[in-house]
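First comes the structure, then the notes that go with it.
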Amino acid sequence: MQTETEESVATRRGRVRWLWTAVVVVPVLAAVIVFVLLGPRTQREQTTKAPASRFASTPLTLRLNGKTEAVRSRAILAPLVAGQQVGTLTIVRLIPSGTRVKQGDLLVEFDREAQLRDAIDKQAQADDENSKVLEAQAAEDAARAKDETDIQTAQSALSKAELEMQKVELLSRIDAEKAREDLDEARATFTQLKETFDLKRKAAEASIRILEMQRDRTRETMLHAQNNAAQMQIHAPLDGIVVFNTIWKQGNMGEVEEGDQVRPGVPFMEVVDPSAMQVHVQVNQEDLMALKVGQTARVHLDAYPDLQFSGRLESVDPIGKRGDFSAKLRTFSAIFSIEGADARLMPDLSAAVDIETANDSRRAQ
């Protein structure tokens, strides 16, 4: 019995020893495990956040693509022929593309034979109609003079008849009756001549006016033909360089040449002033907030990689247009001015515009 009691005491002491060991060792092991797992992670997060902060302060370069264009330019259109239905116009003289011209220099001449012939024909017709007007006016002047003479004669006859009536008491009965008839006849003739005189003048005036309107209409047609003939020669509206546009001609796209036919109103040429150039670019709405009017930029030409120009943002359209691939995405037009000049800097060249913008937290992430 004593032996069993001693074994029970020893067993309880062993359990108590293991319990204290577990109470002391387990928290220590847990602390070590937490330190091992969380310590490096915190260090990694600090290491990761530090470069992000440095990256956020680094400026970014925003590149926009567009095309060069002249600040001052004038489009040259094939002339619109007034009063005629003209399908095409034939070029008979044409200045070469790239030629430097002065204001007033001849750029292009179209075949104007039809307009000159029409102007000559209408001028001859207008002269003939003007002769008819002059003849009608002369005839009216003669008729007016004759009618005025007839009225004066009728007035004299009336006065004479009235004098005869004053001595009717001294005349026989037959002569007195004849005098009354003469007086009535003279009075009726005078009244009729006066009434028809105004009617004849109005009729003659209307007839002459019709001839004048015909003459004026023919003269107007003649002036249109002369103006059309003058428009067949187009002169430079300003000093600059001649640039040909690519148009649809004879079933394909190309630049005009002498002998080609161009439809009226088609802009086939431009005269540009190369002393002031700019770049027209399209800006994505995501990059719009990075732009401010007055920002400086660098302009590169794709065709001439060695050329670089300083630029400045002049304007941004306040209203964007719908994107090509998404209705939610908008693009905005912007204009960058180009400082400096070069013989190779011409309109319609592909250009890239680089702008340094401050990086934001969205791009840093």
Side-chain angles (χ1 to χ4, degrees), residues 51-77 98 100-101 103 236-246 267 269-365:
S53 178
R54 290 194 299 270
F55 182 77
S57 62
T58 303
L60 292 179
T61 299
L62 175 63
R63 168 157 289 195
L64 303 173
N65 296 314
K67 287 189 176 181
T68 59
E69 60 183 24
V71 176
R72 294 180 64 240
S73 65
R74 291 288 184 86
I76 306 300
L77 282 68
R100 186 175 290 274
V101 296
Q103 184 176 1
L238 50 84
D239 298 347
I241 295 177
V242 175
V243 178
F244 287 174
N245 296 334
T246 301
M269 179 191 296
E270 279 187 305
V271 178
V272 300
D273 181 8
S275 62
M277 300 291 291
Q278 62 188 17
V279 182
H280 187 190
V281 302
Q282 296 296 326
V283 184
N284 189 292
Q285 68 179 29
E286 192 172 346
D287 299 324
L288 184 64
M289 300 305 296
L291 299 182
K292 292 182 180 179
V293 174
Q295 275 181 309
T296 58
R298 301 297 299 175
V299 180
H300 310 270
L301 300 181
D302 295 344
Y304 306 103
D306 58 320
L307 279 182
Q308 258 192 24
F309 300 94
S310 297
R312 180 177 180 273
L313 180 58
E314 299 294 339
S315 64
V316 180
D317 286 352
I319 300 177
K321 63 180 182 179
R322 181 177 177 177
D324 297 331
F325 304 103
S326 174
K328 298 181 180 179
L329 187 63
R330 300 284 174 173
T331 57
F332 297 79
S333 296
I335 299 295
F336 287 86
S337 60
I338 299 178
E339 299 177 4
D342 191 276
R344 293 170 289 180
L345 181 57
M346 298 292 291
D348 206 28
L349 294 178
S350 297
V353 179
D354 291 338
I355 307 171
E356 288 190 358
T357 61
N359 188 18
D360 55 13
S361 59
R362 179 180 56 80
R363 294 187 178 181
Q365 293 174 356

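Numbers here simply count residues along the sequence, with the first being 1.
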Within this structure, what is the [atom1]-[atom2] distance for the pair [X] and [Y], rounded to the nearest 0.5 Å?
{"X": "T68", "Y": "I338", "atom1": "OG1", "atom2": "CD1", "answer": "6.5 Å"}
{"X": "D342", "Y": "F309", "atom1": "CG", "atom2": "CZ", "answer": "5.0 Å"}
{"X": "L307", "Y": "L301", "atom1": "CG", "atom2": "CG", "answer": "5.5 Å"}
{"X": "F332", "Y": "S315", "atom1": "CZ", "atom2": "OG", "answer": "13.5 Å"}
{"X": "Q282", "Y": "L64", "atom1": "CD", "atom2": "CG", "answer": "10.0 Å"}

- Task: Show your reasoning for whether side chain to side chain contact (heavy atoms under 4.5 Å, CB included) applies to V316 and V283.
- Result: CA-CA 9 Å; V316 180; V283 184; 5.7 Å; no
So which heavy atom on [X] is nearest to which on [Y], and how close?
{"X": "G340", "Y": "L345", "answer": "O-CD2, 4.4 Å"}
{"X": "I241", "Y": "R100", "answer": "CD1-NH2, 3.6 Å"}
{"X": "V299", "Y": "G311", "answer": "CG2-CA, 4.3 Å"}
{"X": "N245", "Y": "P267", "answer": "ND2-O, 3.1 Å"}
{"X": "I355", "Y": "A297", "answer": "CG1-CB, 3.9 Å"}
{"X": "P274", "Y": "G240", "answer": "CD-CA, 4.3 Å"}

Any [X] side-chain heavy atom under 4.5 Å of [Y] side chain:
{"X": "M277", "Y": "M346", "result": "no"}
{"X": "L238", "Y": "R74", "result": "yes"}
{"X": "V271", "Y": "P237", "result": "yes"}
{"X": "L291", "Y": "L313", "result": "yes"}
{"X": "V243", "Y": "M269", "result": "no"}
{"X": "K67", "Y": "H280", "result": "no"}

- Message: Tell me every residue that passes side-chain contact (heavy atoms from CB on, under 4.5 Å) with R322, counting only those two or more places apart in sequence or in another chain.
- Response: A327, R330
- Does D302 have any salt bridge (Lys or Arg N to Asp or Glu O under 4.0 Å) partners at least two apart in sequence or in another chain, and if so, which?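 Here no residue qualifies.
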- Message: Taking salt bridge (Lys or Arg N to Asp or Glu O under 4.0 Å) as the definition, give me every residue that meets it alongside D273, ordered by chain and number, with sequence neighbours left out.
- Response: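 Scan of D273 (salt bridge (Lys or Arg N to Asp or Glu O under 4.0 Å), adjacent residues dropped) gives R72.
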Lys/Arg N to Asp/Glu carboxylate O, [X] vs [Y], below 4.0 Å:
{"X": "D354", "Y": "R298", "value": "no"}
{"X": "R312", "Y": "E314", "value": "yes"}
{"X": "D306", "Y": "R344", "value": "yes"}

- Would you find a donor on one side and an acceptor on the other, under 3.5 Å apart, between the side chain of Q295 and the backbone of A290? yes
